[in-house]
Trainee: 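Structure in structure tokens, see below.
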Amino acid sequence: MASAFEYAPAPESRSVVDIAPSYGLFIDGEFTEAADGKVFKTVSPSTEEVLSEVAQAGAEDVERAVKAARKAFEKWSALPGSERAKYLFRIARIIQERSRELAVLETLDNGKPIKETRDADLPLVAAHFFYYAGWADKLDHAGFGANPRPLGVAGQVIPWNFPLLMLAWKIAPALATGNTVVLKPAETTPLSALFFADICRQAGLPRGVVNILPGYGDTGAALVAHPDVNKVAFTGSTAVGKEIARTVAGTHKKLTLELGGKGANIVFDDAPVDQAVEGIVNGIFFNQGQVCCAGSRLLVQESIQDELLDSLKRRLSTLRLGDPLDKNTDIGAINSAEQLARITALAERGEAEGAERWSPACELPSSGYWFAPTLFTNVTQAHTIARDEIFGPVLSVLTFRTPDEAVAKANNTQYGLSAGIWSEKGSRILAVANKLRAGVVWSNTFNKFDPTSPFGGYKESGFGREGGRHGLEAYLDV
């Protein structure tokens, strides 16, 4: 994109990560082929280069993995919390030691800029293991009663937008509370989970405590439906979340769902405009907008609409789209051809329904999956782009006149995951935040995460909380 400054390319070296030609499933502490021999390829979204061939787990492999996790549960759950903590601390330290390698791997497999994987994803991954390691010997004091017990085997299904971070969100509290894990990574981003399996071996984690099963939706469905799984944790689309809820209904399984979102970023007339613009950009263009809590609806007070949009457009014109391994890159590749097609279709529908589309001057690479940062004005609440989760770098701009109107428009969605408020008045922020039906409300910032803070949603954004002390409850019999 056009910029006031000329930048020389500053690519991160790929040599720090050694990707094998093929990977197996990780079951009972060993890498193994799928029972039926099936494999699939994982590609780099920025180049469409095949990175590796990965074993595809089937129902028989799910059976083996759950059996291994059940066997390991007896000894793992019997360990004192202080002993489990040692393994978690060790895993956290190894992640820190290998963070550059893992950041490059995540960027190659996912398509997001290296500065995001390096400066956001990996520090948070390590922090979650450090944090829950600290809880492992303090569960009696977590507020869930005396001597809370682990549930058993946790079946976990994670998405492709934050592959390693979502793994940490789920595995760290599960292990800290004494459960064992069978995890299915997304089919487009299996590599970091398989590298994590190697970290588990490096840390000396007992066999069977963590099992990794790459595969497609049928693998996740088999894991969710397995009768010997005690806890199901899923992050992904609302449609799949509803199907999982139907599957586990009437069973003994404990369930948490973190699903879609259509977050509102509310900017009042007294907001610091430059700061708000940075927050808006971070809210919707971080990870190419492929974030469940993205601030994909901008609600701006009418009196500052022109000023804010002018500033926002100037800022978007300075963003750099391109090679995600370049440390200067702001906007990386869309994760897959399928996701790019969805984003493209919804953006075209926005134009067809009468919204005004704008993107900065932007040259897209000839190979890979790319979509220019886009904003829509003249958007109403009836527009599809204001209602449906696009999961891409597309911002819908709506206006409001009063705080009550802002709250009404922000809450006018089937989702309820996140929101942001921009104002200099603390009283206004607190008053509006208390009326928003969103699991997380950010004040004069956006997309700030911390392992000590719970995260989750309302309505069709799911239920249950991950992170913080609250994140322990989902893995305990309380």
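Note that this is a predicted model, so its numbers are computed, not measured. Only this structure's heavy atoms are used, side chains among them; waters, hydrogens and symmetry mates stay out. Numbering of residues begins at 1 and proceeds along the displayed sequence.
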Trainee: Which residues pass the side-chain hydrogen bond (donor to acceptor under 3.5 Å, both in side chains) test with Q339, not counting sequence neighbours?
Mentor: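 Result, side-chain hydrogen bond (donor to acceptor under 3.5 Å, both in side chains) vs Q339: none returned.
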Trainee: Taking the side chain as every heavy atom from C-beta outward, state whether H470 and S453 have any atom pair closer than 4.5 Å.
Mentor: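 H470 does not reach S453 side chain to side chain.
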Trainee: Quick test of your reading of the model: are K112 and E106 salt-bridged, counting only N-O distances below 4.0 Å?
Mentor: no
Trainee: Evaluate whether atom CD of E33 has more than 12 neighbouring non-hydrogen atoms of other residues, nucleotides or ligands under 6.0 angstrom away.
Mentor: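 Not buried by this count: 12 neighbours or fewer within 6.0 Å.
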Trainee: Say whether T374 and S359, considering side chains only, have a donor N or O and an acceptor N or O under 3.5 Å apart.
Mentor: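 The criterion, which ignores hydrogens and geometry beyond distance, is satisfied for S359 and T374.
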Trainee: Do other residues, nucleotides or ligands put more than 12 heavy atoms under 6.0 Å from the NE2 atom of H383?
Mentor: yes
Trainee: May I ask you to test the F463-L255 pair for a side-chain heavy-atom distance under 4.5 Å?
Mentor: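 Side chain of F463 against side chain of L255, heavy atoms only: contact under 4.5 Å found.
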Trainee: Main chain of I429, side chain of S423: is a donor-acceptor contact present, judged purely on distance under 3.5 Å?
Mentor: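 Looks like no, no N/O pair under 3.5 Å.
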Trainee: Could you walk me through whether I390 and K262 pass the side-chain contact (heavy atoms from CB on, under 4.5 Å) check?
Mentor: CA-CA 9 Å; I390 300 174; K262 194 70 179 174; 4.0 Å; yes
Trainee: Is S311 reaching over with its side chain to a backbone N or O of L308, donor-acceptor style, under 3.5 angstrom?
Mentor: no
Trainee: Please check: side-chain N/O of T329 versus main-chain N/O of G332, any donor-acceptor pairing under 3.5 Å?
Mentor: no
Trainee: Can we say E12 and R100 salt-bridge, meaning some charged N sits less than 4.0 Å from an Asp/Glu carboxylate O?
Mentor: yes
Trainee: Under a 3.5 Å distance rule, please check whether N434 uses its side chain to pair with a backbone N or O of L430 as donor and acceptor.
Mentor: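 At least one qualifying donor-acceptor pair exists.
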Trainee: Under a 3.5 Å distance rule, please check whether E466 uses its side chain to pair with a backbone N or O of G471 as donor and acceptor.
Mentor: no
Trainee: Give a yes or no on whether a salt bridge exists between E405 and K409, defined as a side-chain N under 4.0 angstrom from a carboxylate O.
Mentor: yes
Trainee: Under a 3.5 Å cutoff, is there a donor and acceptor pairing between the side chains of D404 and T402?
Mentor: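 No, no side-chain donor-acceptor pair sits under 3.5 Å.
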Trainee: Among side-chain atoms of D109 and T42, is any donor-acceptor pair under 3.5 angstrom?
Mentor: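 D109 vs T42: donor-acceptor pair found between side chains.
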Trainee: Do V229 and V182 have side chains that approach each other closer than 4.5 Å (heavy atoms only, starting at C-beta)?
Mentor: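 The answer is no, as the side chains (C-beta and beyond) never meet within the 4.5 Å cut-off.
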Trainee: Between N230 and H252, is a side-chain contact (heavy atoms from CB on, under 4.5 Å) present by the stated rule, with each step listed?
Mentor: CA-CA 7 Å; N230 306 102; H252 67 281; 3.5 Å; yes
Trainee: Does the side chain of L436 come within less than 4.5 Å of I421's, by heavy atoms?
Mentor: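 Result yes, sub-4.5 Å side-chain heavy-atom pair found.
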Trainee: Has the side chain of D326 got a donor or acceptor atom that lies under 3.5 Å from a matching backbone atom of A10?
Mentor: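 Yes; judged by distance alone, with no hydrogens or angles, the pair exists.
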Trainee: Distance check, rounded to the nearest 0.5 Å: L398 atom CG versus N265 atom CG?
Mentor: 12.0 Å
Trainee: Just by modelled atom types, is the I385 backbone N or O under 3.5 Å from a matching donor or acceptor in the S396 side chain?
Mentor: yes
Trainee: Compare every heavy atom of N161 with every heavy atom of N110, then report the nearest pair and how far apart it is.
Mentor: ND2-O, 3.5 Å
Trainee: Looking at side-chain heavy atoms only, is the closest gap between V232 and T247 below 4.5 Å?
Mentor: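 No, too far: nothing below the 4.5 Å cut-off.
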Trainee: Listed by chain and number, what are the salt bridge (charged side-chain N to carboxylate O under 4.0 Å, His left out) partners of R349, not counting sequence neighbours?
Mentor: E353
Trainee: Please tell me whether W169 and F455 form a close aromatic pair, meaning their ring centres lie under 6.0 Å apart.
Mentor: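 Ring-ring flag for W169/F455: true, centres closer than 6.0 Å.
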Trainee: Just verifying a value: how many Å separate D323 CG and T47 OG1, rounded to the nearest 0.5 Å?
Mentor: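 One gets 9.0 Å once the value is rounded to the nearest 0.5 Å.
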Trainee: Decide yes or no on side-chain contact (heavy atoms from CB on, under 4.5 Å) for I95 and F196, but give the supporting numbers first.
Mentor: CA-CA 8 Å; I95 287 169; F196 179 79; 4.3 Å; yes
Trainee: Are the aromatic rings of F40 and Y216 close, with centres under 6.0 Å apart?
Mentor: yes
Trainee: Looking only at heavy atoms, what is the nearest atom pair of P451 and Y132, with distance?
Mentor: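 That closest heavy-atom pairing would be O-OH, 4.5 Å.
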Trainee: What distance do F268 atom CZ and L299 atom CG have between them, rounded to the nearest 0.5 Å?
Mentor: 9.0 Å
Trainee: Measure from NZ or CZ of R465 to the centre of the six-membered ring of Y458 and say whether it is under 6.0 Å with the direction within 45° of the ring axis.
Mentor: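 Judged by the rule, R465 and Y458 form a cation-pi pair.
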Trainee: Tell me yes or no: between the side chains of T256 and K231, is some donor less than 3.5 Å from an acceptor?
Mentor: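 Judged by distance alone, the side chains do pair up.
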Trainee: To the closest 0.5 Å, what do you measure between CD1 (I212) and CZ (F26)?
Mentor: 7.5 Å
Trainee: Decide if the gap between the ring center of W160 and the ring center of F391 is smaller than 6.0 angstrom.
Mentor: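 Under 6.0 Å, so yes.
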Trainee: Main chain of A34, side chain of D61: is a donor-acceptor contact present, judged purely on distance under 3.5 Å?
Mentor: no
Trainee: Under the salt bridge (charged side-chain N to carboxylate O under 4.0 Å, His left out) test, which residues partner E60, sequence neighbours left out?
Mentor: none
Trainee: May I ask you to decide whether D198 forms a salt bridge with R98, counting only side-chain N to carboxylate O separations under 4.0 Å?
Mentor: yes
Trainee: Tell me, with the steps shown, if N447 and W442 meet side-chain contact (heavy atoms from CB on, under 4.5 Å).
Mentor: CA-CA 8 Å; N447 275 339; W442 284 291; 4.0 Å; yes
Trainee: Atom CD of E302 and atom CZ of F400: how far apart are they, to the nearest 0.5 Å?
Mentor: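 One gets 9.5 Å once the value is rounded to the nearest 0.5 Å.
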Trainee: Taking C-beta and beyond as the side chain, do E116 and F286 meet within less than 4.5 Å on heavy atoms?
Mentor: yes
Trainee: Identify the two heavy atoms, one from V379 and one from A355, that lie closest to each other, and give their separation to 0.1 Å.
Mentor: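 It is CG2-CB, 4.0 Å.
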Trainee: Determine the minimum heavy-atom distance between C293 and F449, stating which atoms define it.
Mentor: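 For C293 versus F449, the nearest heavy atoms are SG-CZ, 3.5 Å.
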Trainee: Do M166 and P159 have side chains that get closer than 4.5 Å, going by heavy atoms?
Mentor: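 Sidechains of P159 and M166: in contact.
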Trainee: Run the numbers on D269 and R428 for salt bridge (Lys or Arg N to Asp or Glu O under 4.0 Å), then give the verdict.
Mentor: CA-CA 12 Å; D269 56 7; R428 171 180 281 173; 3.7 Å; yes
Trainee: Looking at CG of D18 and CD of E101, how far apart are the two atoms once the value is rounded to the nearest 0.5 Å?
Mentor: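 One gets 8.5 Å once the value is rounded to the nearest 0.5 Å.
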Trainee: Taking all atoms of both residues into account, what is the closest heavy-atom pair of R297 and A386, and its distance?
Mentor: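 Shortest heavy-atom separation between R297 and A386 comes out as CD-O, 3.3 Å.
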Trainee: Taking the basic N atoms (NZ, or NE/NH1/NH2) and the acidic carboxylate oxygens, is any pair closer than 4.0 Å for D274 and R315?
Mentor: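 Salt bridge absent between D274 and R315.
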Trainee: Just by modelled atom types, is the R320 backbone N or O under 3.5 Å from a matching donor or acceptor in the D330 side chain?
Mentor: yes
Trainee: Taking everything shown except K38 itself, do over 12 heavy atoms lie less than 6.0 Å from its NZ?
Mentor: no
Trainee: Looking at every heavy atom in both A168 and F129, which two are closest together, and how far apart are they?
Mentor: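 Heavy atoms only, the tightest pair is CB-CE1, 3.6 Å.
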Trainee: Mind checking whether P393 and I334 have side chains closer than 4.5 Å, heavy atoms only?
Mentor: yes
Trainee: How about K313: does its NZ atom have over 12 heavy atoms from other parts shown lying under 6.0 Å from it?
Mentor: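 Yes, because the 6.0 Å sphere around NZ of K313 holds more than 12 heavy atoms from other groups.
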Trainee: For the side chain of K184 and the backbone of G215, is there at least one donor-acceptor N/O pair under 3.5 Å apart?
Mentor: yes
